[in-house]
Amino acid sequence: MIKISDRVKAIAPSMTLAMSARANELKAAGERVINFGIGEPDFNTPANIVKAAKDALDKGYTKYVSASGLPALKKAIAKKLKEENNLDYDPSQIIVSNGAKHSIFNAVFATINEGDEVLIPKPYWLTYPEIVKACGGVPVYVMATYRHGYKVTASQIENMITPKTKMLIFNSPCNPTGAVYTEAEIRKIADVCERYNLTVISDEIYEKLIYGGETHFSIAAVSPAMKEQTIVINGVSKSYAMTGWRLGYLAAPEHVAKAISSFQSHSTSNVNTMTQYAAVEALSGDNKPMREMVETFGKRREFMINKLEEMKTYGFDFVKPDGAFYAMLLCDNLYGRFYRGRKIRGSADLSEMLLEHKKVATTPGVVFGDDDFIRISYALSEEDISEGLERIIEFAKETEE
Ligand SMILES: Cc1ncc(COP(=O)(O)O)c(C=O)c1O
């Protein structure tokens, strides 16, 4: 029998896949499932971006291009980073990959050695620890609590540092919490990273999805020294409703970009060429559709926040999310109670029961490292948000001691 390598054996299977498979089964059976589990915009890719890909195909741009990315796209990314993030990168410092997930994998793979410790604020995007483990690193969690708006502080980070700590994976706006760090908070965190010479992977994929007056600030923009220690991750998936196209990118110090470029040329090579032309249009063309999408998310967020306020009467709680399109619904008040004779032991049970009995799909907090909540997305219509939250209230009311 073929043996699986130790590294791959260490990787956990995705619990969310089983849940979405069950939601799809119920839908196929004719049930009206409200899907709060969604991790992508429910908008189509804007027409001007789709057209750019079609034009590329018509022009015969279907051949290999440079493994690290189309020069025109790298130029557009460098311009974006300069104008929007105040970061000066030469196109040679930018690597285009198959989604931000792939960019993060490349960044960790290029910089982490066996046994290196990687700090990850928790709740975390579930892929971070698995990538770290796949690359031989050891994930070490820093707890971002509900009481502190799901943000970690500089001193919490400093307290977790050991001689083996090499990296911090920082994500603002954050999936799953929606937390957006302020520039002042980021500067304090950067100060610790500078003092301990930590590499920072700054995942800025939700950069455009910020509401309520907050603004995005890249940790790489803190100082020239910080920029030399940071690998900035971004992409077009969430901001331009392009999740299926698979295009992300990173910007890094020259020697890091060069190393990543080398091994990408021996693994995936270039991202499909037409998608790269589409991304040039996303970054440089008309961005009105993107702004309208963000505006719609902003309205839904307000709508959801109002409903969640009402839900406090039933023992739920939440922290106002400032970014991305997720909210965390604290529901530990239901744990230990019974629904139709079955004990709710944690977020996995709760999510499963909500799906089975109320046809509401959610993501259990346990997959993000915090069992006290379920994650609900607002990448769905106000009508569905309202109906789905009503069903959750109904479920709560039907539970028993
Ligand atoms: C925090 C975070 N980073 C990165 C990604 C991956 O993005 P992409 O689809 O570009 O690989 C996601 C997708 O869910 C995410 O939530």
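Atoms within each ligand, like the ligands themselves, are counted from 1 in listed order.
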>> For Glu214, give me all partners under side-chain hydrogen bond (donor to acceptor under 3.5 Å, both in side chains), at least two apart in sequence or on another chain.
In response: none
Counting only pairs under 3.5 Å, give me each side-chain donor-acceptor contact of residues 361-373, with atom names and distances, residues two or more places apart or in other chains.
from	atom 1	to	atom 2	distance (Å)
Thr362	OG1	Ser351	OG	2.8
Asp370	OD1	Asp372	N	3.1
Asp371	OD1	Ser347	N	2.9
Asp371	OD1	Ser347	OG	2.5

>> Tell me whether Asn24 at atom CG has more than 12 heavy atoms from other residues, nucleotides or ligands lying less than 6.0 Å away.
In response: yes
> Can you list the residues that meet the salt bridge (charged side-chain N to carboxylate O under 4.0 Å, His left out) rule with Glu382, with sequence neighbours excluded?
Replying inline: none
>> Do Thr153 and Lys188 pair up side chain to side chain, a donor and an acceptor below 3.5 Å, judged on atom types alone?
In response: no
>> Quick one about Glu40 and Ser237 (side-chain donor to acceptor, distance below 3.5 Å, no hydrogens or angles considered), yes or no?
In response: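 Checked: Ser237/Glu40 side chains show no N/O donor-acceptor pair below 3.5 Å.
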Quick check for students: name every N or O atom pair between ligand 1 and the protein closer than 3.5 Å, with distances.
from	atom 1	to	atom 2	distance (Å)
ligand 1	3 (N)	Asp203	OD2	2.6
ligand 1	9 (O)	Ser237	OG	3.2
ligand 1	9 (O)	Arg246	NH1	2.8
ligand 1	10 (O)	Ala100	N	2.8
ligand 1	10 (O)	Ser237	OG	2.6
ligand 1	11 (O)	Ala100	N	3.1
ligand 1	11 (O)	Lys101	N	2.9
ligand 1	11 (O)	Arg246	NH2	2.7
ligand 1	14 (O)	Lys238	NZ	2.7
ligand 1	16 (O)	Asn175	ND2	2.7
ligand 1	16 (O)	Tyr206	OH	2.9

